Structures are given as structure tokens and as C-alpha cells.
Amino acid sequence: MRILVLGLNHAPEPVGIGPYTAGMVAALAAAGHQVRLVTAKPYYPGWRVDPAAARPFYRREWEESVDVWRCPLYVPRTPSGARRIAHHLSFALAALAPMLVAAARFRPDLVLTIAPSLLSVPLARLAAWLAQARLWIHVQDFEVEAAFATGLLEGAGCIARVARRFERASLGSAQQVSSISPQMCRRLEQKGVLPDCVTEFRNWADTDRVTPTAHASGYRSEWGLGNRHVALYSGNIGNKQGIEILVEVARRLAAREDIVFVVCGEGPHRAQLEARAAGLSNLQFRPLQPAEHMGALLALASVHLLPQCAGAADLVLPSKLGNMLASGRPIVATAAPGTGIAQEVAGCGLVTPPGDAAAMAAAIGSLIDDGQRAAALGAAGRQRAEACWSRSTILDGFLQRVEALAG
């Protein structure tokens, strides 16, 4: 089949949605399909376009038998609500010509678009209509609701009504809509998508590269951590993570000389977070590490940290969670009971209320002090990663669904 994919993020972006888009299109190509991907120039998580990709204005590349068309876009230094809208709109406008060319010349059997960016859905729908192809929307997070939950947009008024109507109309225009957790799939149905059109297509863990190990991570000596227990956060430092709580948690545990906090990542809120943590000797900031070192980085943790903003736990399922589980280390997450994150972490770590720094500090301390319990939770996490987050199983199911839909 000929499959046209429209997605904002792609490799070589090391975290977030990019690696999963790359894995998805590579799997489609390996299965014998002709794949064309229209995407943006790499910019995430640093929120700046990679200088190596800045020229020419449009780029065409071949990556693992995938025909990749890269488009320019506006990338704000400080991604506020209005600037994020401009960011997504700039990509949709830049992708218009490549998508129309693909619809006319490539003639896809299936058009698959990834949200974010929801503003690209009308463009994908137009291309599918011109080519008389099926349309599939894959929802990585509910960006409209997440914008309201994190304060990027106000949750009332004309803008809110228009945004929600646009989201509902966009999701209802596809023959197939998928998302990455059962809770997010149920939310699709609540937004009016017919149950027969909804399928789960979750992100996967790299269970081959990330494995439990008793060996000391090389990062311990490199970063001067000694034998202290490490409470690790690794990933994007953005507004949906509610990561500000970690500063207060570290402050509450400052008297524990056996615990050090490490925040490893990039993002638009890193400078602000570092300023808030000034003077804390038990909190270190480190740059995002190469993907090939992910196993060693995650092995550094005694406890993984997964903060989330209140109200966002069923709007996203952080892609980092699968690899945390695969590392065989326990997790402390902030989420309300019954949410998707809480259910994923249950039995593999501890869940505390969002914004409750005292509860999170107590949970971290209890796991550090009870090594036997921490080891049991970590082992359960590894088992869950192998059972529910296997790359081959997830992609095989996806390929079967693609062939059934397009066929």
C-alpha cells in the first residue's frame, strides 16, 4: 500500500513523540508498504530548530526506505498559548504544498496524521479526500484539554468553545482514531468518536536497550554522585509535567545526605526551574543524554520520578513511563486515583496526589528506606513492561489494523 503520514515530530528528536513516529513509519516500510512522511525540521525538546537542518527551506530525505519531506516552521523560544497556536499553524501551512503534491502524485491508500498537531487534521483530511484514501488520526495527547489544564489557555469563553468544537469535528472526520491508553481511548468516545472507529495504539518501551542491572551506572562517577540514592527525572521539562514540585520535594529531603535528585532533560521551563532550585545542594540539573545511553541513565535511578499536573493524567500518557518500567526501578508518580497514570504505576511504584510535595517526599523516602519493597516493585515494573509495552507486539498489532483498514 501507499501510506502518507503527516506528523509534527520525527527523528532525530530524541524524546517525546518523534521516536515513536520514526519507529512507526520504519515498521510500515519494513512490512513492504510505500511510505511518505511529511514532517517538521527537528526542534524538540530544546525548542529551537537544529542548525544542521535549517537549510534548505524544504528538505527531502530517505530514511530506512521512508521518503521524508521536512517543512519549515515557527518555533517560539517561550511557547505560551498564543505562540503554540502560531507554532502549530505555521507547520500546517508549510505542509500544505507537500501534502497536496503527495495526494496528487503519490496517491496514498491511507493518510495517517498524528496529534499534536490537531491543526494539521484538516490538511490530512483534504489530502485523503483528494486521493480517495482512508483517514487515520493518532492522538498522542489531547492538546486542547491539556492547554486548558496547564493554564496555557483559559477554559471558558469563545476561544474555548471554538477549540473544543474544532477538536470534536476533527476527530469525527476519520475512519480510524487511535490513542495510547485505554483511558484516552474512552475519552475519544466521550468526544463523539464511534466506538468501532477507536483503537488503542500505545507507545512502546525499548525493553532490549533498557534492562534491570545491578552494575553501577557510569554516570555515578561522571556526575560525582558517589553511593547516594538517586531520585531521577529524565525527559522534557515543560508545562504538562508539573515538574516544579520536585524543587519543593528536594527541599523537604535536603537533610537526607543519602539522597540526591537528578533532573536530566531540556525544555522551555528548565531555566525557570533552575532558578527556583538555587541553593539546593541535593538537586542536580543535567542535559538530555543520547538515546544510546538511555539504559545506563535509567539504571542510575534508585527511584524514578513521574510528576504530572493535576487534571492532565488522562490527557497524556508520558512515553518515558514504559522505559522507567523496563529499567526495573520503582516509580513515584503524582496522579489522582483511577487515572491512567495511576493504573499504569499501580503495583510498580507509589502514587501521590498532584501538587502534594510532602506526600511525594514521604513516598520517595519510604522506598529508599525499604530496599526489599523497592526491588519487588521494580521487578513487577519490568514484568509489566515486557507484557504490555513490547515494541514488536505493539507494532505487529498496529500493522494488522492498518492493513485491515486500508484493505
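If you're wondering where the values come from, they're calculated on a predicted model, not measured in any experiment.
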Donor-acceptor side-chain pairing of His229 and Ser302 below 3.5 angstrom | yes
Donor on one side chain, acceptor on other, Ser178 and His138, under 3.5 Å | yes
Please, which pairs that meet salt bridge (charged side-chain N to carboxylate O under 4.0 Å, His left out) have at least one residue in residues 341-360, sequence neighbours excluded?
-> Arg202-Glu344
Determine, for Arg286 against Glu222, whether the closest basic-nitrogen to carboxylate-oxygen distance falls under 4.0 angstrom.
-> no
Please identify each residue that fulfils side chain to side chain contact (heavy atoms under 4.5 Å, CB included) with Gln176, with sequence neighbours left out.
-> Trp136, Thr199, Arg401, Leu405
Quick check: does any side chain N or O of Glu13 sit under 3.5 Å from a backbone N or O of Tyr44, one acting as donor and the other as acceptor?
-> yes
Heavy-atom donor-acceptor pair, Lys41 side chain to Phe57 backbone, under 3.5 Å | yes
Short N-O contact, Glu143 and Arg84, less than 4.0 angstrom | no
Is Arg251 paired with Glu248 through a side-chain N to carboxylate O contact shorter than 4.0 Å?
-> yes
So, Arg60 and Asp67, do they make that salt bridge, N to O below 4.0 Å?
-> yes
Give me the ring orientation class for Phe398 and Phe201: parallel if the planes are under 30° apart, tilted from 30 to 60°, perpendicular past 60°.
-> parallel
Judged by modelled atom types alone, do Gln140 and Tyr20 share a side-chain donor-acceptor pair under 3.5 Å?
-> no
